[in-house]
Amino acid sequence: MRRVRPLTTALSALAAAALLGSTLQGCSQHKDTGYTLPSEKLRDGEKAQRNRTGRSADMQFTVVAYTDGISTILGTHAEMKPKGQFVRIRLLCVNVGRDIQVFDTWAQRLVLSDGSQLGADVNSTMVKRQPERLSVGANMRAEFDVWFDVPKGVTVKSVRLFGSPTVGMVTDPAPAVIPLPS
């Protein structure tokens, strides 16, 4: 039976730790912090939004662009006029969690200047072929429009955006409240 000397074992462990430490240290000095996505052109009447981010549960929302005063929309099968004016919000959703988050268009609310809240408009959502419900996987991002039909004479104050409950939650999460427009 071979006898191992304690000093030799301790020195070997120390050398392995030093080697591992220098390897990990090299990883932590990596300079990349992200990547750049191709920019998109603004659509007619659209206003880019800056610093309009909030979070509900594991869903991070960013309002990318805002358009109001839309008096008619065209789709592949219909032309439609609003009861008041259409408002379009270009939204970026990022699931920062480890499980699927579900974006439910019908749960989202536009807060108006009179304090009332308005749900997304079914007809314009269908005409513009935007999602009703969208599963956003872990570390996935999705960008799309949410449409509202805002009554005449009322202005928009903010949008309340809801993620879905995370695993173990027994109630709906608090919304991300993002002021509009800028």
Side-chain angles (χ1 to χ4, degrees), residues 33-97 100-164 173-182:
T33 59
Y35 49 87
T36 303
L37 296 174
S39 64
E40 296 287 329
K41 290 184 179 183
L42 291 172
R43 295 171 283 184
D44 287 341
E46 200 167 45
K47 300 169 201 98
Q49 300 294 293
R50 306 272 188 263
N51 304 315
R52 303 289 181 186
T53 298
R55 183 171 166 175
S56 174
D58 282 341
M59 190 76 86
Q60 180 177 296
F61 297 102
T62 301
V63 174
V64 176
Y66 175 85
T67 312
D68 60 2
I70 302 171
S71 60
T72 188
I73 60 173
L74 296 171
T76 57
H77 62 286
E79 176 179 357
M80 194 171 88
K81 295 197 178 296
K83 294 178 182 128
Q85 66 164 323
F86 286 125
V87 168
R88 176 181 65 208
I89 296 174
R90 186 72 176 168
L91 192 60
L92 174 65
C93 301
V94 179
N95 181 351
V96 296
I100 291 172
Q101 281 278 297
V102 176
F103 178 84
D104 183 356
T105 297
W106 314 127
Q108 314 314 316
R109 296 289 178 258
L110 200 63
V111 180
L112 306 176
S113 57
D114 64 5
S116 64
Q117 295 185 29
L118 187 66
D121 182 61
V122 173
N123 294 320
S124 55
T125 299
M126 296 298 124
V127 167
K128 297 309 273 184
R129 307 252 193 235
Q130 294 302 296
E132 293 180 66
R133 290 177 60 85
L134 181 66
S135 292
V136 183
N139 296 306
M140 180 180 152
R141 53 192 294 149
E143 186 177 329
F144 51 88
D145 295 326
V146 182
W147 288 84
F148 298 90
D149 189 346
V150 177
K152 292 178 182 176
V154 181
T155 57
V156 174
K157 181 178 175 185
S158 62
V159 63
R160 294 169 51 93
L161 300 165
F162 294 86
S164 60
V177 179
I178 300 174
L180 295 170
S182 65

Query raised in the report: What closest approach, in Å, do S113 and V154 show between heavy atoms, and which atom pair accounts for it?
Result: OG-CG1, 3.9 Å
**Report entry** Nearest non-hydrogen partners of S164 and A57, listed with the distance
**Finding:** O-CB, 3.3 Å
**Report entry** Gap between atom CZ of R160 and atom CZ of R109 - 0.5 Å precision
**Finding:** 9.5 Å
Query raised in the report: In Å and rounded to the nearest 0.5 Å, what is the OG1 to CG distance from T53 to L161?
Result: 10.5 Å
Query raised in the report: When rounded to the nearest 0.5 angstrom, what distance separates CG in L110 from CD1 in I89?
Result: 5.0 Å
Query raised in the report: With no hydrogens and no angle check, do the side chains of R129 and T76 hold a donor and an acceptor under 3.5 Å apart?
Result: yes
Requested in this report: Please list, chain by chain and in numerical order, all residues satisfying side-chain contact (heavy atoms from CB on, under 4.5 Å) with S124, sequence neighbours excluded.
Outcome: I73, M80, F86, D121, W147
Query raised in the report: If only atom types and distance count, is the side chain of S158 paired as donor or acceptor with the main-chain N or O of P179 below 3.5 Å?
Result: no
Report task. Please confirm whether the backbone N or O of G97 pairs with a side-chain atom of Q101, one donor and one acceptor, at under 3.5 Å? Result -> no
Query raised in the report: Between F162 and F103, is the gap from one ring center to the other below 6.0 Å?
Result: no
Query raised in the report: So, the side chain of K128 versus the backbone of L74: is there a donor-acceptor pair under 3.5 Å, distance only?
Result: yes
Report task. Can you tell me which residue pairs pass the salt bridge (charged side-chain N to carboxylate O under 4.0 Å, His left out) test with a partner in residues 75-92, sequence neighbours excluded? Result -> E46-R88, R90-E143, R90-D145
Query raised in the report: Could K47 and D68 be called an ion pair, given the rule that one side-chain N must be under 4.0 Å from one carboxylate O?
Result: yes
Tell me which donor-acceptor pairs under 3.5 Å the side chains of residues 131-141 have, and how far apart each pair is, sequence neighbours excluded?
residue : atom : partner : partner atom : Å
E132    : OE1  : W106    : NE1          : 3.3

Query - N51 atom CG, neighbour heavy-atom count above 12 within 6.0 Å - result: no
Requested in this report: Could you pull out the closest heavy-atom pair between V150 and L118, with the gap in Å?
Outcome: CA-CD2, 3.9 Å
Query - Residue pair D44 / T67: nearest heavy atoms and the distance that separates them - result: O-CG2, 4.1 Å
Requested in this report: Could you check Q49 against L180 for side chain to side chain contact (heavy atoms under 4.5 Å, CB included), going step by step and ending with a plain yes or no?
Outcome: CA-CA 9 Å; Q49 300 294 293; L180 295 170; 4.2 Å; yes
Query raised in the report: Between L91 and F61, does a side chain to side chain contact (heavy atoms under 4.5 Å, CB included) hold up when you go through it step by step?
Result: CA-CA 7 Å; L91 192 60; F61 297 102; 4.1 Å; yes
Report summary line: Scanning both residues in full, the closest heavy-atom pair of A174 with S56 reads O-OG, 2.7 Å
Query - Nearest non-hydrogen partners of C93 and F144, listed with the distance - result: SG-CZ, 3.7 Å
